[in-house]
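Data first, discussion second: the structure below is written as structure tokens.
Every value quoted in this text rests on a predicted model; they were computed, and no experiment measured them. The analysis underlying the following values was restricted to heavy atoms, covering all of them including side chains, and did not include hydrogens, waters or symmetry mates. In what follows, chains carry the letters A, B, and so on, assigned in the order in which the sequence lines appear, proteins first and then strands, with residues in each chain numbered from 1.
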There are 2 protein chains.
Amino acid sequence: MSRQPTLRDVAEKAGVAVSTASRALTRPGRISAHTTERVRAAADALGYTPSASARALSSGRTTTVALVVPDVTNPFYFGLVRGTGARLREGGYVQVLVDTEESAEAEARALVGLRGTVDGAVLAASRLTDARLAELAADLPIVAVNRTSPSLAAPSVLIDTPSGLVQALEHLASLGHRRVAYASGPRTSWSDRRRQAALHPAAERLGLDVTVLGPYAPVRTAGPAAADAAVQAGVTAVVAFNDLLAFGILERLDARGVDVPAQLSVVGCDDVFGADLVRPALTTVASPMERAGRLAADLLISRLEGTGPSTGFGTEPAVLPTHLVIRASTGPAPA
Amino acid sequence: MSRQPTLRDVAEKAGVAVSTASRALTRPGRISAHTTERVRAAADALGYTPSASARALSSGRTTTVALVVPDVTNPFYFGLVRGTGARLREGGYVQVLVDTEESAEAEARALVGLRGTVDGAVLAASRLTDARLAELAADLPIVAVNRTSPSLAAPSVLIDTPSGLVQALEHLASLGHRRVAYASGPRTSWSDRRRQAALHPAAERLGLDVTVLGPYAPVRTAGPAAADAAVQAGVTAVVAFNDLLAFGILERLDARGVDVPAQLSVVGCDDVFGADLVRPALTTVASPMERAGRLAADLLISRLEGTGPSTGFGTEPAVLPTHLVIRASTGPAPA
DNA sequence: GTGAAAGCGCTAACAG
DNA sequence: CTGTTAGCGCTTTCAC
């Protein structure tokens, strides 16, 4: 190939002005059918494909949006990826996924770098400080998922995991458990704080004695420590910050010969891939991630296209309900 | 904010020409320390961030590359994502992930849409036809992973799963198995054909009787059918096209009360997340996906920067070895 | 309905 | 070392 054909080449070949060619290709209404046809023909005779950056530079729009996640390989985000992807595709946008590897700095860098490359972004579990987030949101339309803050000038959607945890507590209480442990997540985790805040009042109401263990990293390898701590604490049930942690707990318990659920019940959070693969299958709080993704993309699109509920700014976060999925890892409290 | 500051604003504020500002910001060598400092100061006083599309348009470089996968939520690709991501970051590139949802058309569309947005792309398990692939590769530097073709004018890296399968066969033979089944993948899968081709000669050499079952979709829900077929075939071991399928087989076997590995041994492929989570833990062929990712990114970068082994074109595919991970799902053949 | 021309923000020669 | 000057390929007024 000598050189990618440009719109100019197309126009020349069709015998029209570049502006006409541009219109014919992008706004098929205002040009005569005949001309449009000629241009179209010339375009694919030449194998013409528009330059994204040129188009972006002159129009200010890229029709692509970013989904920024802390870790693409965390199964928790799978549903989100699918949900935003589906809605975005319907809206004619291309989705690009950016992995920040749990780093606030990488997240900020990506967001800055993306300016001009994407029309907007959906931020999942953003690690940014409120201030930095607000600052970046001023430059790029943003929708946050599982993250919000008073100062945040962007729509957000929240997964109501705290209420799911309360359901888990009720479930355990109904099985006769009295002493349960909560294997907490990272101290810096906003989600963990929300969960703990919901846990204590519910425990009180249900007459449950809740011991907080941890904090633990939300990964499988942190499970053994949590399992040992739970056994030590003498509880009959343990609720984990997330499924990954619960997987590790299950493994350790198995290795120590502690029978689940006969001696100890285990509850996870998120219902990720694998939760029904482990033995015993994990009772867990399921989040409607795909719905969350669709909703987030929806909010972003209406913001981008000026449609929808005014600006969406200052709106209360959309809160999505979760539900408890009861599997084999929970059972009656030991006598 | 009224308007994003441009390089021009920075230059004005610093009292220099835009070109000087440009150089000060991007090539800190050729400008006096003093001027560079002034420009830098002006830039962040204004909160200047360069426009990606303008830069791309005029320089022809975007410093971002795409990783195109059939399904981002398939754990098989996790290592790849990490590998390319790491190498790309080291090289100063931004990685964007594109999910084609197993559709050749979406893949082609993405690739065309990406032209001008990315400098190149790593294609994992491309679904495109040879012709279409060659055509697109002419427009955009591409490196293929687990896909190659005679006509392909792009470097490629292959995972040598076939040899891993042969190791699995040897393992089974050494355990006394004589009759084994292969639960095959999609008929259109290039990988499956390669695997079958390796399977038969090895089986012959080892004196194994191999029955091919399927084809099955490479998903967990296809497992039960495969499990039933294996039982019906009267084999003592079954090797699955991939781990997902093996998971489904394990589940079904458990449900039917068939003891693994006492009555039937099961081997998977890929060693994905979850393989050591299931019970019994799955014996499987592990692929060095992270290495593959690094290598692919490496090849792409040297192609982009004109470094490395000439063009890399016409090069033989790089082949990466796999190894068998023996866990609890395989054992001695039943007497 | 169609053409001419003016940039979008930046980089890259080419002069000094 | 720094300023001037062209564009990169496209969209978009503004005329005709």
Side-chain angles (χ1 to χ4, degrees), chain A residues 1-40 42-43 46-64 112-117 119 139-140, chain B residues 1-40 42-43 46-64 112-117 119 139-140:
Chain A
M1 71 282 184
S2 55
R3 180 179 122 275
Q4 290 284 339
T6 76
L7 189 56
R8 206 185 132 158
D9 300 322
V10 174
E12 231 158 53
K13 173 145 185 150
V16 298
V18 291
S19 51
T20 304
S22 170
R23 285 184 283 244
L25 260 20
T26 57
R27 225 174 324 277
R30 315 189 55 68
I31 294 291
S32 81
H34 175 239
T35 309
T36 300
E37 193 36 54
R38 287 178 55 72
V39 173
R40 224 184 264 305
L46 259 37
Y48 168 78
T49 44
S51 148
S53 33
R55 200 201 285 273
L57 181 56
S58 75
S59 70
R61 286 174 39 84
T62 61
T63 67
T64 100
V112 168
L114 254 31
R115 207 199 55 142
T117 297
D119 291 340
D139 282 0
L140 187 73
Chain B
M1 72 285 180
S2 57
R3 178 180 122 275
Q4 290 284 340
T6 76
L7 189 57
R8 205 185 131 161
D9 299 323
V10 174
E12 232 158 49
K13 172 145 189 154
V16 298
V18 290
S19 52
T20 303
S22 170
R23 285 184 283 242
L25 260 21
T26 57
R27 225 176 322 279
R30 317 187 56 67
I31 294 290
S32 80
H34 175 239
T35 310
T36 302
E37 194 35 57
R38 287 178 56 72
V39 173
R40 225 185 264 304
L46 259 37
Y48 168 77
T49 45
S51 149
S53 34
R55 198 200 287 272
L57 181 56
S58 75
S59 71
R61 285 173 40 85
T62 62
T63 66
T64 100
V112 169
L114 254 31
R115 207 197 55 138
T117 297
D119 291 339
D139 282 1
L140 187 73

Original post:
Are A:Thr64 and B:Thr117 close enough, and set up right, to give a side chain to side chain contact (heavy atoms under 4.5 Å, CB included), and what steps lead you there?
Top reply: CA-CA 10 Å; A:Thr64 100; B:Thr117 297; 5.8 Å; no
Original post:
Do you know which two heavy atoms are closest between B:Thr20 and B:Thr35, and how far apart they sit?
Top reply: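 Nearest pair, atom of B:Thr20 first, then B:Thr35: CG2-CG2, 3.9 Å.
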Original post:
Looking at B:Leu57 and A:Ala54, what are the two nearest heavy atoms and their distance?
Top reply: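 That would be CD1-CB, 3.8 Å.
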Please report the distance, rounded to the nearest Å, between [atom1] in [X] and [atom2] in [N].
X: A:Leu57; N: D:dC8; atom1: CG; atom2: C1'; value: 9 Å
X: A:Arg8; N: D:dG9; atom1: CZ; atom2: C1'; value: 11 Å
X: B:Leu7; N: D:dT2; atom1: CG; atom2: C1'; value: 14 Å
X: B:Leu25; N: D:dT2; atom1: CG; atom2: C1'; value: 15 Å
X: A:Glu12; N: D:dG9; atom1: CD; atom2: P; value: 13 Å

Original post:
Partners of B:Arg38 by side chain to side chain contact (heavy atoms under 4.5 Å, CB included), sequence neighbours excluded?
Top reply: B:His34
Original post:
With sequence neighbours excluded, what pairs up with A:Ser58 under the side chain to side chain contact (heavy atoms under 4.5 Å, CB included) test?
Top reply: none
**OP:** Apply side-chain hydrogen bond (donor to acceptor under 3.5 Å, both in side chains) to A:Thr62 and list each qualifying residue two or more places apart in sequence or on a separate chain.
**Re:** A:Asp119
Rounded at 0.5 Å granularity, tell me how far [atom1] in [X] sits from [atom2] in [Y].
X: B:Ser32; Y: B:Glu37; atom1: OG; atom2: CD; result: 10.5 Å
X: A:Arg27; Y: A:Thr36; atom1: CZ; atom2: OG1; result: 12.0 Å
X: A:Ile31; Y: A:Ser19; atom1: CD1; atom2: OG; result: 8.0 Å

Original post:
Starting at the 5' end of DNA chain C and moving along, which residue's nearest nucleotide shows up first, A:Thr36 or B:Thr6?
Top reply: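 The answer here is A:Thr36.
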Original post:
Can you tell if the side chain of B:Leu25 reaches within under 4.5 Å of the side chain of B:Leu7, non-hydrogen atoms only?
Top reply: yes
**OP:** May I ask you to test the A:Arg55-A:Thr63 pair for a side-chain heavy-atom distance under 4.5 Å?
**Re:**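 A:Arg55 vs A:Thr63: side chains apart.
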**OP:** Give me the bend of the helix from C:dG1-D:dC16 to C:dG16-D:dC1, using the axes of the five pairs at each end, rounded to 10°.
**Re:**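 Taking five pairs per end, the axes differ by 30°.
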**OP:** Check every strand shown and say whether A:Ser53 touches a base, only sugar-phosphate, or nothing at a heavy-atom separation below 4.0 Å.
**Re:** nothing
**OP:** Could you list where the contact with chain A starts and ends along DNA chain C, reading 5' to 3', using a 4.0 Å heavy-atom cut-off?
**Re:**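 Result: C:dG1 to C:dG9.
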Which atom pairs link the protein and nucleotides 12-16 of chain D when you take only N or O atoms and keep those under 3.5 Å?
residue	atom	partner	partner atom	Å
D:dT12	OP2	A:Arg27	NH2	2.9

Original post:
Taking for each residue the nucleotide of DNA chain D bearing the nearest heavy atom, is the 5' side occupied by A:Thr49 or by B:Ala33?
Top reply: B:Ala33
